[in-house]
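What follows is a single structure, written as structure tokens, with notes after it.
Heavy atoms only: backbone and side chains are in, while hydrogens, waters and symmetry mates are out. Below, chains carry the letters A, B, ... as their sequence lines are ordered, and counting in each starts from 1. The model shown is predicted, which means the values in this text are computed figures rather than measured ones.
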Amino acid sequence: MGKERIIVHVDLDYFFAQAEEREHPEYAGRPIIVCVYTDIERGRGVVSTANYAARAFGVRSGMPIFEARKLAQGKDAIFLPGNYELYERLSAGIGEIVARYGDTFEQASIDEFFLDLTARCDGDYTKAKEIAEKIKADIFAKYKLTCSIGIGPNKLVAKIASDFKKPDGLTVILPEKVQEFLDPLPIDKILGIGRKTKEYFEARGIKTVRDLRETGAAILIEEFGKTIGNWLYAAARGIDDSPVGLIEGQKQFSRIKTLKEPSDNLDEIIKELDQLVKEVIAEMKRNEVWCKTVGINAVDINMRMHTKSKTLSHPTDEPEILLKRIVELYSELLDEVRLPMRRIGVRVENFESVKGQRKLEEF
DNA sequence: TCAATGCACGC
DNA sequence: CCCTTTTGCATTGA
């Protein structure tokens, strides 16, 4: 009785930059750097994705654009703003291809997909590998894009495996090889271990998954709480029972904007808020929901993030009501934090479906 | 239950 | 030449 699953993780290689290579054959061979611009004239912002030609001289995701420009000096590099409509369109088409091959499908992000092949392959990893090869061939035939695929007994292992050989890789980790595969890897390969957690462990001499495995469950729970502690304990052992499957509707929408110049003037801020509120309301309308909670997030000139939120007595998607609340929250914030704000944002959450609302009214 | 905060994450 | 954006989750404290 096969209790063992076979899970596939498909990761599109340097996706945004590869999509641009595909759209612009004339850029062939040149370094491509896709950016998130906050001020396109002054060239402010960060690097979103760079192709391998750009990575070769040190350009990385999240790097300020001016830094990337320094590294790219004399390298004939191309800097582009993101064309998200293009990426969404490609992503949707590729998702369709991937989904066809499995029993259960999950789009984890714009460039990542999970597939459950348990029933389709009946425990046979050779079959799973053949399917993965077909997925790669199909995606390349239709879109001329490469991806890296990982196969393992669960999502955790499949995702780490897809990252193991890039670009255009295919890595299969048999169940009996999982521990051997994970043990020497740095702990931040594990989903959920980021900069802070890595620092915490490194200060204690814990660098690899093997080191982490030797840390007792009690200590992990003590330090990180029940949920994350238990997850880390299991993950170090290659254990992950999370199912591949549909993700429920979104729970929040937010929009943030970096101001041209930091400001602590409420009127100036209100001018910008108007547009942001419009955008989150448009998202609510698309999803046919009303929000019960409205909030703000702002980053001050010292790069400290501040948040405030207010739960309303009735769910709504009315611009006037939302904007009024948001202005109140900003007014309070500026009173408390007497610093100019560099970024300002709005957030809506705690949704109720409009349909559900109609239903309630029928009672 | 609500509000604030922090971490992760990947583009 | 400083340092984006979006969402989700967990924790904590009232």
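- Phosphate contact (OP1/OP2 of C:dT7, side-chain N/O of A:Ser254, threshold under 4.0 Å): present.
- A close approach under 4.0 Å does not occur between any side-chain nitrogen or oxygen of A:Ser309 and OP1 or OP2 of B:dC2.
- Backbone-only contact: A:Glu112 has heavy atoms under 4.0 Å from sugar-phosphate atoms and none from a base.
- Taking a 4.5 Å side-chain heavy-atom cut-off between Ile, Leu, Val, Met, Phe, Trp and Tyr, the cluster of A:Met63 extends to A:Ile33, A:Tyr37, A:Ile40, A:Val47, A:Phe57, A:Val59, A:Ile65, A:Leu71, A:Phe79.
- For A:Lys144, the side-chain hydrogen bond (donor to acceptor under 3.5 Å, both in side chains) criterion is met by no residue, not counting sequence neighbours.
- The interatomic distance linking A:Ile40 (CD1) with C:dT5 (C1') rounds to 16 Å, in whole Å.
- A:Asp188 has a carboxylate O that lies under 4.0 Å from a charged side-chain N of A:Lys198, or vice versa, which qualifies the two as a salt bridge.
- The separation between A:Lys308 atom NZ and C:dA14 atom P is 16 Å, rounded to whole Å.
- Taking 4.0 angstrom as the limit, A:Arg347 places none of its side-chain polar atoms (N or O) nearer than this to OP1 or OP2 of C:dT7.
- Remark: A:Arg204 is positioned above the aromatic ring of A:Tyr200, its terminal NZ or CZ atom under 6.0 angstrom from the ring centre and at most 45 degrees off the axis.
- For the salt bridge (charged side-chain N to carboxylate O under 4.0 Å, His left out) test, no residue two or more places apart in sequence or in another chain qualifies with A:Arg343.
- Within the 4.0 angstrom heavy-atom criterion, no nucleotide atom of any strand lies near A:Lys70.
- In this structure, a donor-acceptor pair under 3.5 Å is present between the side chains of A:Gln18 and A:Thr146.
- Considering only side-chain atoms of A:Thr227, the nucleotide from C:dT5, B:dA3, C:dA10 that sits closest is C:dA10.
- Taking atom CG of A:Leu86 as the reference point, atom P of B:dC11 lies 16 Å away to the nearest angstrom.
- Taking the side chain of A:Thr311 as heavy atoms from C-beta on, and the options B:dA4, B:dC2, C:dC1, the nearest nucleotide is B:dC2.
- Separating the CG atom of A:Leu312 from the C1' atom of B:dT1 is a distance of 15 Å, rounded to the nearest angstrom.
- Residue order along DNA chain C, read from the 5' end via each residue's closest nucleotide, puts A:Arg69 first among A:Arg69 and A:Met303.
- Partners of A:Glu180 by side-chain hydrogen bond (donor to acceptor under 3.5 Å, both in side chains), not counting sequence neighbours: none found.
- No hydrogens or angles considered: a donor-acceptor pair under 3.5 Å links the side chains of A:Thr293 and A:Asn350.
- A side-chain donor-acceptor contact under 3.5 Å links A:His306 and A:Asp300.
- Protein atom OH of A:Tyr84 is 11 Å distant from nucleotide atom C1' of C:dT6, rounded to whole Å.
- Per the geometry, CZ belonging to A:Arg42 stands 13 Å off P belonging to C:dT4, to the nearest Å.
- When each of A:Gly225 and A:Gln250 is assigned the nucleotide of DNA chain C with its nearest heavy atom, A:Gln250 is the one assigned upstream, toward the 5' end.
- Of the listed nucleotides (C:dT6, C:dG8, B:dC11), B:dC11 has the atom at the smallest distance from the side chain of A:Ile110.
- Judged by distance alone, the side chains of A:Asp138 and A:Tyr101 do bring a donor and an acceptor atom under 3.5 Å apart.
- Between the side chains of A:Ser148 and A:Asp13, at least one donor N or O lies within less than 3.5 Å of an accepting N or O.
- Using a 4.0 Å heavy-atom distance criterion, A:Thr307 is classed as a base contact.
- Spacing between C:dC3 and B:dC9 at atom P, rounded to whole Å, works out to 24 Å.
- Atom CZ of A:Phe253 is separated from atom P of C:dT5 by 19 Å (rounded to the nearest Å).
- Considering only the side chain of A:Arg255, C:dT7 comes nearest among C:dG8, C:dT7, C:dT5.
- Taking every heavy atom of residues 329-344 of chain A and every atom of DNA chain C, pairs under 4.0 Å involve A:Arg342, A:Arg343, by number.
- Listed nucleotides C:dT4, C:dG8, C:dC3 differ in distance to A:Arg44; the shortest reach to its side chain belongs to C:dC3.
- Protein atom CZ of A:Arg304 is 9 Å distant from nucleotide atom C1' of B:dT5, rounded to whole Å.
- Remark: A:Ile190, A:Leu191, A:Gly192, A:Ile193, A:Gly194, A:Arg195, A:Lys196, A:Thr197 in residues 185-221 of chain A come within less than 4.0 Å of DNA chain B through at least one heavy atom.
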